[in-house]
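One structure is given here, and the rest of the page talks about it.
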Amino acid sequence: MAASFLFSQVMGGLTTAMFLFLIASGLSLVFGIMRVINFAHGSFYMLGAYLAWQGVQWLHPTGAGFWLATLFAAVTVGVLGAIIERVFFRSLYGREELYQLLFTYALVLILGDAAKFLWGVEQLSVSTPPILSGGIEIFGTTQPLYTLFIIAIGPAIAIAGSLVLSRTGIGRLVRAAQMDREMLDALGANVGAIYTGMFVFASFLAGLSGALVTPIQSIVPGMDVLIIVQAFIVVVIGGMGSFWGTFWGSVIYGEVLSFGILIFPGFSLFSVFALMAVILIVRPWGLFGRPL
Amino acid sequence: MTALLAIENIHAAYGLSRVLFGISLEVETGECVCLLGRNGVGKTTTMRSVMGLLRPTSGRVLWKGADIAGWSPHRVARAGIGFVPEDRRIFAELSVWENLDIAARAARRRGRWDIDAVYELFPALRELRNRQGGFLSGGEQQMLTIARTLMGNPELLLLDEPSEGLAPLVVETLLEKTRELKAQGVTILLAEQGVDFSLALADRVYVLEKGSIRHSGPAAELRNDSALRDRLLAL
Ligand SMILES: Nc1ncnc2c1ncn2[C@@H]1O[C@H](COP(=O)(O)OP(=O)(O)OP(=O)(O)O)[C@@H](O)[C@H]1O
Ligand SMILES: [Mg+2]
């Protein structure tokens with residue numbers, strides 16, 4: 001196999017990986033800190049995509065239109081996250097998983113129908129922002145600038161996120177909330193507000209990745225469920241609640257998917273499911289997680 | 001004069017099992033008051049009720065005259081009550097310094113106690129500042145949990161069984177430190193099973209039995225009258 005071909009596969013895998021990372025990191029953060037498994041997280045991603053499309057329609061797809069639309073989508077999904085957390089999630093903390101599962105699944109259905117109602121069932125698409133529409137030659141392949149941008153954004157967010165968690169006051173409070181919510185509350189911290197903040201941040205990331213994916217993938221109903229399944233696999237591989245675990249889990253997922261298609265053509269998801277099964281047997285808590 | 005803290009006839013329960021049956025007590029500014037009583041009489045439950053960690057089923061908790069029963073714990077903490085739990089509850093994966101830092105951020109109360117002041121009170125913590133909380137000895141954890149609560153500059157310190165499970169020499173040090181705190185004007189409500197630690201510090205005592213107050217009076221009374229002490233606290 002030619003080196004240029006391998007390189008293209010690696011880059012394709014990384015692109016998938018970085019989208020997955022943006023989504024799965026929020027899922028993993030919400031689970032790690034609040035102990036709630038949020039199935040509706042994929043719906044936030046879908047809403048991000050539709051809202052970005054909507055924003056581009058309003059603002060025209062030229063110049064800064066795409067970036068403003070992306071910001072609009074991410075912020076709107078963040079605000080929606082705040083409302084959903086304040087109104088509904090509050091009562092889920094500490095409840096049995098079954099309640100959480102039923103509630104967040106109901107949310108998936110409601111948001112899915114709302115999207116169909118607002119934007120129909122036709123495929124929608126958004127063109128690549130002009131500034132990143134070209135490509136550059138690397139190893140005899142042409143890599144679209146937009147892909148390179150996505151591949152850069154993942155590690156940037158991973159590094160920034162882990163620095164915030166490990167080095168800042170708010171990061172320390174978040175880690176303490178994860179370890180012992182009640183004690184932190186008794187020391188005077190408004191843990192409810194910290195939870196809301198984390199949920200908004202996770203929703204913002206989901207909305208952001210939904211918006212950023214639009215120049216690469218068309219927007220269709222069902223993209224919410226498709227992505228949440230993949231994000232779950234990533235989180236299981238990397239370890240629930242582990243930030244870097246989610247990052248490396250995404251990279252592994254992306255690359256296994258990218259190369260798995262070559263080995264088992266026609267069974268694109270087979271290789272990742274096989275990988276997840278093996279990890280669940282050998283290390284049920286994931287590669288970077290800890291036994292619960 | 002209203003007392004700094006006045007508990008009025010509180011009842012409390014864990015689910016269906018009732019634990020407190022009408023506890024009333026007062027703590028004045030500058031005092032060290034001790035709750036004495038055997039295992040399971042309700043000392044911790046009384047403190048948790050003050051702190052908002054458990055909502056009393058009836059009765060009032062008056063802080064400077066205002067009823068705070070039913071407030072959330074962080075609101076109680078920001079009002080000036082600091083809780084040092086008996087199980088210490090150190091954030092095991094945070095360093096000593098991080099444990100102290102978040103406590104200051106959590107309570108948002110500036111005052112006499114900051115990182116230098118608590119390091120001065122417990123010099124060992126300065127040496128250990130980069131060690132993870134989970135790797136401290138029992139005595140070190142006890143110092144850290146007190147220091148952590150002090151970072152919030154509480155006007156009243158609820159100190160739950162600080163001497164529990166510690167070696168006699170460590171208890172001796174802790175007693176010294178707590179005395180120092182008291183001398184610096186920190187008001188303390190202490191819960192203890194052991195008479196030695198508590199009587200060495202307390203101005204007044206309340207003796208609890210099965211969720212009620214059996215006896216209350218000056219600590220000196222119990223210190224001097226061993227017959228009374230035996231009658232109230234015999235195991
Ligand atoms: N979380 C809980 N759920 C149910 N019952 C509890 C709980 N915590 C304490 N109890 C019960 O409440 C009663 C009072 O407990 P509490 O912890 O207040 O006593 P204590 O005086 O602090 O005892 P100790 O000296 O052992 O700390 C005990 O009978 C105990 O078994
Ligand atoms: Mg107790």
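Residue numbers begin at 1 in each chain, while the letters A, B, ... track the order of the sequences.
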(request) Would you mind telling me which of A:R175, A:Q178, A:M183 has the largest number of heavy-atom pairs within less than 4.5 Å of chain B? (result) A:M183

(message) With rounding to the nearest 0.5 angstrom, report the CZ to CG distance, B:R89 to A:L184.
(response) 11.0 Å

(request) Give a yes or no on this: more than 12 heavy atoms of other residues, nucleotides or ligands lie within 6.0 Å of atom CZ of B:R55. (result) no

(message) Could you measure the distance from the CZ atom of B:F83 to the CG atom of A:D185? Nearest 0.5 Å is fine.
(response) 12.5 Å

(request) Could you have a look at B:L53, B:N99, B:T149 and say which one has the most heavy-atom pairs with chain A under 4.5 angstrom? (result) B:L53

(request) Go through the atoms of A:I194 and report whether side chain, backbone, both or neither lie under 4.5 Å from a heavy atom of chain B. (result) neither

(message) Is it true that, when you exclude A:F201 itself, more than 12 heavy atoms of the residues, nucleotides or ligands shown sit nearer than 6.0 Å to its CZ?
(response) no

(message) Heavy-atom count check: over 12 atoms from other residues, nucleotides or ligands less than 6.0 Å from B:Q184 CD?
(response) yes

(message) For a 4.5 angstrom cut-off between non-hydrogen side-chain atoms, does B:R48 reach A:E182?
(response) yes

(request) Could you tell me which non-hydrogen atom of A:R172 sits nearest to which non-hydrogen atom of B:I102, and how far apart they are? (result) CB-CG2, 3.4 Å

(request) Count the heavy atoms of every other residue, nucleotide or ligand shown that sit under 6.0 Å from CH2 of B:W71, and state whether that count exceeds 12. (result) yes

(request) Please say whether more than 12 non-hydrogen atoms of neighbouring residues, nucleotides or ligands are located less than 6.0 Å from OH in A:Y93. (result) yes

(message) Check this for me: B:R18, atom CZ, are more than 12 non-hydrogen atoms of other residues, nucleotides or ligands nearer than 6.0 Å?
(response) no

(message) I need the minimum non-hydrogen distance between B:A77 and A:L187, along with the two atoms involved.
(response) CB-C, 3.8 Å

(request) Count the heavy atoms of every other residue, nucleotide or ligand shown that sit under 6.0 Å from CZ of B:R112, and state whether that count exceeds 12. (result) yes

(request) Identify which of B:A103, B:P85, B:A107, B:A106 forms the greatest number of heavy-atom pairs closer than 4.5 Å to chain A. (result) B:A106

(message) I need the residue from B:R148, B:R108, B:M151 with the largest number of non-hydrogen atom pairs under 4.5 Å to chain A.
(response) B:R148

(request) Go through the atoms of B:A92 and report whether side chain, backbone, both or neither lie under 4.5 Å from a heavy atom of chain A. (result) backbone

